[in-house]
Amino acid sequence: MVNVYVITGPTASGKTKVAIELAKKLGGEIVSCDSMQIYKKMDIGSAKPTEDELNEVKHHLIGVIEPTENFTVAKYQSMALDAIDDIVSRGKIPIVAGGTGLYLNALLFDMDFAARPDNSKRRNELEAMTGETLYEYLKEIDMEATNRIHKNNTKKVIRAIEAAELGNKVKPLNDCKDRCGLYNFKLYALNWDREKLYERINTRVDKLIELGLVEEVRNLFKEGLNCENISMKGIGYKEIIEHIEGGLTLEEAVYLIKRNTRRFAKRQITWFKRYEDMTWIDVDEPMSANDIVEKIL
RNA sequence: GGCGACAUAGCCAAGUAGUAAGGCAGAAGUCUGCAAAACUUCCAUUCCCCAGUUCAAAUCUGGGUGUCGCCU
């Protein structure tokens, strides 16, 4: 069975460098598991690997989607599985790297996204309904789903209704088989002391600004992208757009980017805690990517 | 030295006698099609200290301490 290495962890934990080092040692190729780095033209804000890093080792699923496209997990799932199979077929080792939890689930588990409801009309109708009514309706058509979905979580309530109406109820993850019969996933998460991680995040945000994040967002904005686009809901993009539109000073936007990134990192950690077979690697400042790779191998 | 204002959580802050709002920051979680999303829960047994009035005080009274402002 094929080994598939997975390098994950919260944002700013150093996944990129570790994955590259590991790939060099194993003769592997990297499959990104990142919902923002997958877009083109979003290099600074999504903290993509640098040009040099991308040339060091072959990367898949970085900068391949137009920011105007409504990309979703379902597409990610098929593209990533294709990439893994492609790598394996060429006798190389796939290394999945990134911190998007749902995308990782779509790889580890056989989540079925086949029956996509393409029904923007229906969605508009549902979005026009009030929360109470929606939840009552969901109770009627999929009682089981209401046990897992809080009534205030309108997005998920609507999704569950759409699925149930098409006779394809949203399944809890527990009902999905894992893919361990096909691949031997080796899961690693980089773990920092919380305060140090937060410091790294704060400095990284300052650095992204120095590198020209505002300019990058301004260019996307000129191309007609706005907060309606999925790609522009990424941290760093939505705040700078608000700054460009005049709602926020740059200082306020930077403050919010830092705070939102910290919160995001915390949620990522919560997510990764759920994987029972995850190996947590404690990381601290003087350690190099090489030191960490040695802990893995 | 005199006069005045203020003192509530890590920070900002409401409440002016009926048993501590809210926001920020923080923590713990949820998760099958926007996931860098969306959502949930937790976070002051006590209001600077002491005494008094009252059935009841963060709230009223007196004293102390501290901070700020103005005056000399």
Side-chain angles (χ1 to χ4, degrees), chain A residues 10-12 32-39 42 44-48 65 67-79 98-120 123 127 131 134-135 142 144-164 166 168-178 194-195 197-198 201-202 204-205 208 213 227-241 252 255-275:
Chain A
T11 187
S32 170
C33 181
D34 188 301
S35 65
M36 289 296 142
Q37 294 184 0
I38 198 155
Y39 291 109
M42 293 172 55
I44 300 173
S46 71
K48 271 185 204 168
I65 299 293
T68 45
E69 188 177 328
N70 285 333
F71 193 76
T72 72
V73 214
K75 289 180 198 166
Y76 174 80
Q77 186 188 44
S78 72
M79 287 169 76
T100 300
L102 181 63
Y103 286 13
L104 187 53
N105 270 5
L107 291 183
L108 299 180
F109 301 94
D110 190 20
M111 293 167 76
D112 178 15
F113 298 113
R116 163 147 181 90
D118 185 19
N119 52 353
S120 51
R123 176 161 292 189
E127 279 172 349
L134 275 176
Y135 202 66
D142 187 356
E144 193 267 336
T146 58
N147 296 141
R148 284 177 292 118
I149 303 172
H150 188 96
K151 63 177 188 307
N152 290 353
N153 202 344
T154 312
K155 276 189 183 188
K156 283 190 181 177
V157 172
I158 288 178
R159 180 80 263 286
I161 290 173
E162 286 174 345
L166 290 171
N168 221 300
K169 292 180 181 175
V170 168
K171 278 190 287 181
L173 190 64
N174 297 344
D175 292 357
C176 299
K177 285 183 195 151
D178 59 38
R194 186 68 59 91
E195 268 186 45
L197 182 67
Y198 284 1
I201 287 171
N202 293 339
R204 186 165 86 176
V205 172
L208 298 183
L213 177 60
C227 50
E228 297 293 304
N229 294 283
I230 295 171
S231 59
M232 290 300 109
K233 299 204 168 156
I235 298 168
Y237 293 92
K238 57 179 177 219
E239 296 86 353
I240 297 293
I241 283 183
E252 287 168 336
Y255 169 84
L256 287 175
I257 293 171
K258 287 179 181 172
R259 186 196 71 185
N260 292 340
T261 308
R262 270 182 258 129
R263 289 178 172 176
F264 169 51
K266 189 177 171 315
R267 268 178 278 130
Q268 286 177 302
I269 294 166
T270 302
W271 183 287
F272 300 134
K273 279 183 196 163
R274 298 198 305 170
Y275 299 113

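Each chain gets a letter, A, B and so on, in the order the sequences are listed, and its residues count up from 1. If you're wondering where the values come from, they're calculated on a predicted model, not measured in any experiment.
For Ser46(A), whose side chain is taken as the heavy atoms from C-beta onward, the closest listed nucleotide among rC34(B), rU40(B), rA36(B) is rA36(B). With rC39(B), rA35(B), rU32(B) as the choices, the nucleotide that has an atom nearest any side-chain atom of Asn152(A) turns out to be rC39(B). In the set rG26(B), rU32(B), rA35(B), rU32(B) carries the atom at the smallest distance from any side-chain atom of Val170(A). Ranking rU32(B), rA37(B), rC34(B) by closeness to the Leu173(A) side chain, first place goes to rU32(B).
Straight-line distance from the NZ atom of Lys238(A) to the C1' atom of rA35(B): 11 Å, rounded to whole Å. Rounded to whole Å, atom C1' of rA36(B) lies 13 Å from atom CZ of Arg263(A). What separates CD of Gln37(A) from C1' of rA36(B) is a distance of 11 Å, to the nearest Å.
With a cut-off of 3.5 Å on both pairing distances, rA58(B) has no Watson-Crick or G-U wobble partner at all.
Remark: the Lys233(A) side chain and the rA35(B) base include no donor-acceptor N/O pair separated by less than 3.5 Å. The base of rC39(B) does not come close enough to the side chain of Lys156(A) for any donor and acceptor atom to sit less than 3.5 Å apart.
Spacing between rC47(B) and rC39(B) at atom P, rounded to whole Å, works out to 36 Å.
Lys266(A) comes within 4.0 angstrom of a base, heavy atoms only. When heavy atoms are screened at a 4.0 angstrom cut-off, Thr100(A) is found touching the sugar-phosphate backbone but no base atom.
The cationic group of Arg267(A) does not satisfy the cation-pi geometry with Trp271(A), failing either the under 6.0 Å distance to the six-membered ring centre or the 45° limit from the ring axis.
Take the nearest nucleotide of RNA chain B for Phe71(A) and for Tyr198(A): the residue whose nucleotide is more 5' is Tyr198(A). Looking at which nucleotide of RNA chain B each of Arg148(A) and Gly45(A) is closest to, the 5′-most match is held by Arg148(A).
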